Novice: 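So that we are looking at the same thing, I have put the structure below in structure tokens.
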Amino acid sequence: MASKGTVIVTGGSQGIGAAVVKAFLDRGYSVVANSQKITQAGLSSSPNLALVDGDIGRAATAQKVVETAVQKFGSIDALVNNAGIFMAKPFTDYTIEDFRALASTNLEGYIHITQLVVRQMLAQKSGGSVVAITSSLVENPIGGLPVSLPMITKGGLEAITRSLASEYSKEHLRFNAVAPGVVDTPLHKNNPKDFLKTLSPMGTISTAEEIATAVVYLTEGRQITGEVLHVDGGAHNGKW
């Protein structure tokens, strides 16, 4: 069976990223997945899956990911910018090193890989999709959850998503974002579930697979661009 196309997924070793990788493989896509040590993550091997180790905040890693996609599968049709780091602390406790770490992975990581992918997609002349993973806390912060510095980066991703959607609409390159609320991933393994459920009006915690479904929807939705799709049990609507 011919592949439906090639998708790059950053931060693909666990949590949302691993669920996204599986969702695209299950739908017949070829996937190039990246994270720092993804070859050690225990992902099931498949002829349609290529793994590239490395820090996506480094330009050389992005270059290697893109070269792998083109050499192994012949094209790049979609990109999922899932790699991200997150930390919660009072604003005055953050250090500039914290900010640089957040900016390196969440912003520079996005820039490096997305620039290369856009160049490839423009050369292919067949359109393409880029999806970022942001956070419902960009639109509706929660007083007891101090994440100001991570939200500078996530809010920046939503802003660049809208800008790029306009910039490349004539070339049929689409840019969207999924904004999750609380997701049942290793990121929250030490947080009590009862507390996490209070962070959504529906009192629910999303599964990684539910976020992956939203990513696939935006990737395949040929008329959708410049959209931020909230998968957060309604948290972005405000007070509950």
Side-chain angles (χ1 to χ4, degrees), residues 1-13 16-36 38-39 43 45-84 105-133 157 160-161 163-178 212 214-227:
M1 185 180 110
S3 166
K4 280 188 173 181
T6 306
V7 184
I8 290 171
V9 181
T10 67
S13 60
I16 293 169
V20 169
V21 169
K22 184 177 186 309
F24 279 112
L25 288 173
D26 288 350
R27 292 177 75 87
Y29 289 85
S30 300
V31 177
V32 180
N34 156 261
S35 75
Q36 294 255 21
I38 198 159
T39 54
L43 296 180
S45 68
S46 152
N48 293 336
L49 175 63
L51 305 177
V52 180
D53 286 332
D55 175 0
I56 202 61
R58 300 173 67 89
T61 302
Q63 188 80 45
K64 193 172 169 200
V65 171
V66 166
E67 285 171 0
T68 300
V70 174
Q71 285 166 9
K72 195 167 169 69
F73 301 122
S75 70
I76 300 171
D77 304 287
L79 166 63
V80 181
N81 280 297
N82 169 70
T105 300
N106 300 2
L107 297 179
E108 290 177 48
Y110 182 98
I111 294 165
H112 291 317
I113 190 92
T114 306
Q115 283 184 326
L116 293 170
V117 164
V118 165
R119 286 188 193 119
Q120 177 66 25
M121 288 176 172
L122 291 173
Q124 290 168 191
K125 294 185 166 50
S126 53
S129 164
V130 176
V131 175
I133 306 293
L157 292 179
I160 198 171
T161 291
S163 289
L164 294 175
S166 294
E167 186 172 342
Y168 291 105
S169 54
K170 298 279 189 295
E171 290 79 20
H172 292 214
L173 302 190
R174 298 179 299 102
F175 295 82
N176 294 292
V178 174
V215 171
V216 172
Y217 171 71
L218 291 175
T219 299
E220 294 185 339
R222 298 204 173 273
Q223 296 301 315
I224 306 172
T225 193
E227 188 64 52

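Bear in mind that the values here come from a model prediction, so they are computed numbers and not experimental data. The first residue of the sequence shown is numbered 1, and numbering continues consecutively from there.
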Novice: When you compare the side chain of V31 with that of V9, does any pair of heavy atoms fall below 4.5 Å?
Specialist: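 Yes, their side chains come closer than 4.5 Å.
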
Novice: Tell me if a side-chain donor or acceptor on T105 pairs with a main-chain N or O of G84 at a distance below 3.5 Å.
Specialist: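 No: the side chain of T105 does not pair with the backbone of G84.
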
Novice: Ignoring hydrogens and geometry, is there a side-chain-to-backbone donor-acceptor pair from Q124 to I76 under 3.5 Å?
Specialist: yes

Novice: What orientation do Y168 and F175 show, parallel under 30°, tilted 30 to 60°, or perpendicular over 60°?
Specialist: tilted

Novice: Can you tell me how far OG1 of T68 sits from CG of L51, rounded to the nearest 0.5 angstrom?
Specialist: 10.0 Å

Novice: Looking at residues at least two apart in the chain, or sitting in another chain, which of them share a side-chain hydrogen bond (donor to acceptor under 3.5 Å, both in side chains) with E167?
Specialist: none

Novice: Quick one: does any side-chain atom of H172 pair with a main-chain N or O of S126 as donor and acceptor, under 3.5 Å?
Specialist: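 No, the answer is negative, given that no donor and acceptor are paired below the 3.5 Å cut-off.
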
Novice: Is the backbone of S30 close enough, under 3.5 Å, to the side chain of S3 for a donor and an acceptor to pair up by distance?
Specialist: yes

Novice: From E227 CD over to L218 CG, what is the distance, rounded to the nearest 0.5 angstrom?
Specialist: 7.5 Å

Novice: Just how far is it from atom CG of L173 to atom CG of L122, taken to the nearest 0.5 Å?
Specialist: 5.0 Å

Novice: Keeping the roles fixed (side chain from R174, backbone from S129), state whether a donor-acceptor pair exists under 3.5 Å.
Specialist: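 Side chain of R174 to backbone of S129: no pair is present.
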
Novice: What I'd like to find out is whether the side chain of N81 reaches to under 4.5 Å of the side chain of V130, using heavy atoms alone.
Specialist: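 N81 reaches V130 side chain to side chain.
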
Novice: So, for G11 and A83, which heavy atoms are closest and what is the spacing to 0.1 Å?
Specialist: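 Heavy atoms only, the tightest pair is N-CB, 3.6 Å.
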
Novice: Return yes if some donor-acceptor pair links the side-chain N/O of S169 with the main-chain N/O of S166 below 3.5 Å, else return no.
Specialist: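 Side chain of S169 to backbone of S166: a pair is present.
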
Novice: Quick check: closest heavy atoms across G12 and I38, and the distance to 0.1 Å?
Specialist: C-CD1, 3.6 Å

Novice: Less than 4.5 Å apart, any side-chain heavy atom of N82 and any of V20?
Specialist: no

Novice: Would you compute the distance between atom NZ of K64 and atom CD1 of I56 and round it to the nearest 0.5 angstrom?
Specialist: 11.5 Å

Novice: If I compare all heavy atoms of S46 with all of L25, which pair ends up nearest, and what's the gap?
Specialist: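 Shortest heavy-atom contact: OG-CD2, 4.3 Å.
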
Novice: Using 0.5 Å steps for rounding, measure from the CG atom of D77 to the OG1 atom of T6.
Specialist: 5.5 Å

Novice: Applying side-chain hydrogen bond (donor to acceptor under 3.5 Å, both in side chains), name anything that partners N34, two or more places apart in sequence or on another chain.
Specialist: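 side-chain hydrogen bond (donor to acceptor under 3.5 Å, both in side chains) check on N34 returns nothing, list empty.
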
Novice: Where do A33 and V21 come nearest, in terms of heavy atoms and distance?
Specialist: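 For A33 and V21, the tightest heavy-atom pair comes out as CB-CG2, 3.9 Å.
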
Novice: Kindly indicate, with the supporting measurements, whether the criterion side-chain contact (heavy atoms from CB on, under 4.5 Å) is fulfilled by N48 and Y29.
Specialist: CA-CA 7 Å; N48 293 336; Y29 289 85; over 6 Å; no

Novice: Sequence neighbours excluded, which residues qualify as side-chain hydrogen bond (donor to acceptor under 3.5 Å, both in side chains) partners of T219?
Specialist: none

Novice: Could you tell me if the side chain of V117 sits less than 4.5 Å from the side chain of I8, heavy atoms only?
Specialist: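 Result yes, sub-4.5 Å side-chain heavy-atom pair found.
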
Novice: How far does CG of L79 sit from OG1 of T10, to the nearest 0.5 angstrom?
Specialist: 6.5 Å

Novice: Do T161 and Y110 touch side chain to side chain, with heavy atoms closer than 4.5 Å?
Specialist: yes

Novice: Is any side-chain heavy atom of R27 closer than 4.5 Å to a side-chain heavy atom of K4?
Specialist: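 Side chain of R27 against side chain of K4, heavy atoms only: contact under 4.5 Å found.
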
Novice: Quick one: does F24's side chain get under 4.5 Å of V215's, heavy atoms only?
Specialist: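 The answer is yes, as the side chains (C-beta and beyond) meet within the 4.5 Å cut-off.
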
Novice: Can a donor-acceptor pair be found, under 3.5 Å and without considering hydrogens, that links the side chain of D55 to the backbone of Q36?
Specialist: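 Checking the backbone N and O of Q36 against the side chain of D55, no donor-acceptor pair under 3.5 Å is found.
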
Novice: Report yes if some heavy atom in the side chain of L116 is under 4.5 Å from a heavy atom in the side chain of Q63; otherwise report no.
Specialist: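 The answer is yes, as the side chains (C-beta and beyond) meet within the 4.5 Å cut-off.
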
